[in-house]
Amino acid sequence: MPLAIDYADIEAAAHRLHGVAHRTPTFTSRTADDRTGAHLYFKCENLQRMGAFKFRGAYNALAQFSPAQRKKGAIAFSSGNHAQAIALAARLLGMPAAIVMPQDAPSMKIEATKGYGAEVILYDRYSQDREALGRQLAAERGMTLIPPYDHPHVMAGQGTAAKELIEQARALDPAHGALDVLVVCVGGGGLISGCAVAAKHLLPHCKVIGVEPEAGNDVQQSLRKGEIVHIDVPQTIADGAQTQHAGQLTFPVIRALVDDVVTVSDAQLVRTMRFFAERMKLVVEPTGCLAAAAVLEGVLGVRGKRVGVIVSGGNVDLRRYAELLLEGAQP
Ligand SMILES: *Cc1c(COP(=O)(O)O)cnc(C)c1O
């Protein structure tokens, strides 16, 4: 079975996104380099439109709708950032959008989704099956369901983040800018599968490492077992990675191209969030800290390496953000 996407799909996505998505900056940090003994390149998707890389995949998917699909619009089920991404992409492309969201999603994400003009339908994530609900609503309304990760157009769109990061790292250091390692957070695997396809095409020797929350290491388990493992909804502050299983399309790509998956704790995520705020002046949501935490907390040994780190998003309730930053801080 061929993989769901190849590098040509990512190049095509990059053309569709050109002038629509931000080419987000890639930042370096002396403090981070000193701490790890490595050269780190942080791809700041927290500065992407709507605050996360998800805009890339959503827009790449919706831009390929037929005229009939555009008329009825898009429907999505999402714990947050995918919702905002579909809502914004739909608005830019002039089509309706309906979003099925968990009742306990951060209120900022619910409000932002409504703010982009989408209809929001709430459900209970502990008792209702969102996929079944999404499919039923899609059938009733004739809308096209775009899942948050298990879709080739979504995966290809997300992969453009790694393509840009690799280009930007090279531009920052033309002599040595080829990355040795690319570190990417993992929820359902849309981001890492797209990024792995881009990285292994552009830099065949680059290792691709996934990072999951300790409490939700389903992809790590799946890789060890050789098949998709399902887990209960994990309890972690990384709400964008509370997925219960990898996708039918993303898992084969991960299995073929991702070298390893490691995990980090919530405490490590909080320390990394603080590092971004204090040292790099960046607001990063807990899920957005996964990849950086693995590197900065020493979970991954990267001494002497050139390391690309995807900072996946920056959408966090301000009250929650303040609480997490101050937790355990000296008065
Ligand atoms: C969705 C999301 C993830 C996980 O992405 P997958 O494609 O599901 O693996 C990570 N970080 C942020 C900020 C997200 O919104």
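Both ligands and their constituent atoms are indexed starting at 1 by order of listing.
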Report task. Please report the C-alpha distance between Lys207 and Asp260 in whole Å, then the side-chain angles of each, then the deciding distance to 0.1 Å, and finally whether the salt bridge (charged side-chain N to carboxylate O under 4.0 Å, His left out) criterion is met. Result -> CA-CA 9 Å; Lys207 294 255 182 278; Asp260 198 7; over 6 Å; no
Report yes or no: does a heavy atom of [X] sit under 4.0 Å from some atom of ligand 1?
{"X": "Cys185", "value": "yes"}
{"X": "Ile192", "value": "no"}
{"X": "Pro148", "value": "no"}

Query raised in the report: Of Arg56, Arg49, Glu45, which is the lone residue that meets side chain to side chain contact (heavy atoms under 4.5 Å, CB included) with His22?
Result: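 By the side chain to side chain contact (heavy atoms under 4.5 Å, CB included) criterion, His22 pairs with just one of Arg56, Arg49, Glu45: Arg49.
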Query raised in the report: So, Asn60 side chain and His153 main chain: donor-acceptor pair closer than 3.5 Å or not?
Result: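 Yes.
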Report task. Kindly say whether Arg274 contributes a backbone atom to a donor-acceptor pair with the side chain of Arg279 at under 3.5 angstrom? Result ->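 Judged by distance alone, no pair lies under 3.5 Å.
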Taking distance alone, with no angle check, do [X] and ligand 1 share an N/O pair under 3.5 Å?
{"X": "Tyr149", "value": "no"}
{"X": "Gly189", "value": "yes"}
{"X": "Leu191", "value": "yes"}

[X] neighbourhood, listing ligand 1 atoms whose heavy-atom distance to it stays under 4.0 Å:
{"X": "Gly240", "answer": "1 (C), 2 (C), 3 (C), 4 (C)"}
{"X": "Asn81", "answer": "13 (C), 14 (C), 15 (O)"}
{"X": "Thr287", "answer": "10 (C), 11 (N), 12 (C)"}
{"X": "Gly313", "answer": "13 (C)"}
{"X": "Gly190", "answer": "6 (P), 7 (O), 9 (O)"}
{"X": "Gly188", "answer": "6 (P), 8 (O), 9 (O)"}

Query - Verify same cluster id: Val309, Leu203 (apolar side-chain graph, 4.5 Å) - result: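 In one cluster with Val309: Leu203, no.
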Query raised in the report: From Leu3 CG over to Leu257 CG, what is the distance, rounded to the nearest 0.5 angstrom?
Result: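 Answer rounded to 0.5 Å: 6.0 Å.
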Query - Within 6.0 Å of NZ in Lys281, more than 12 heavy atoms from elsewhere - result: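 Yes, NZ of Lys281 has more than 12 neighbouring heavy atoms, counting only those of other groups under 6.0 Å.
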Requested in this report: May I ask you to check whether over 12 heavy atoms, not counting those of Gln248, lie within 6.0 Å of atom CD?
Outcome: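 Check fails, neighbour count at 12 or below.
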Query raised in the report: Hey, do the aromatic rings of Phe42 and Phe276 have their centres closer than 6.0 Å?
Result: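 Judged by ring-centre distance (under 6.0 Å), Phe42 and Phe276 do meet the cut-off.
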Query raised in the report: atom 5 (O) of ligand 1: which protein heavy atom is closest, and how many Å away?
Result: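 Protein heavy atom with the smallest distance to atom 5 (O) of ligand 1: Phe53 CZ, 3.4 Å.
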Query raised in the report: Any idea which protein heavy atom is nearest atom 11 (N) of ligand 1, and the distance to it?
Result: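 The answer is Ser312 OG, 2.6 Å.
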Query raised in the report: Does the pair Arg23/Glu167 count as a salt bridge with the N-to-O cut at 4.0 Å?
Result: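 So Arg23 pairs with Glu167 through a salt bridge.
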Query - Selected option - heavy-atom contact closest to atom 15 (O) of ligand 1, from Lys54, Met155, Glu285 - result: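 Comparing heavy atoms across Lys54, Met155, Glu285, the nearest one to atom 15 (O) of ligand 1 lies in Lys54.
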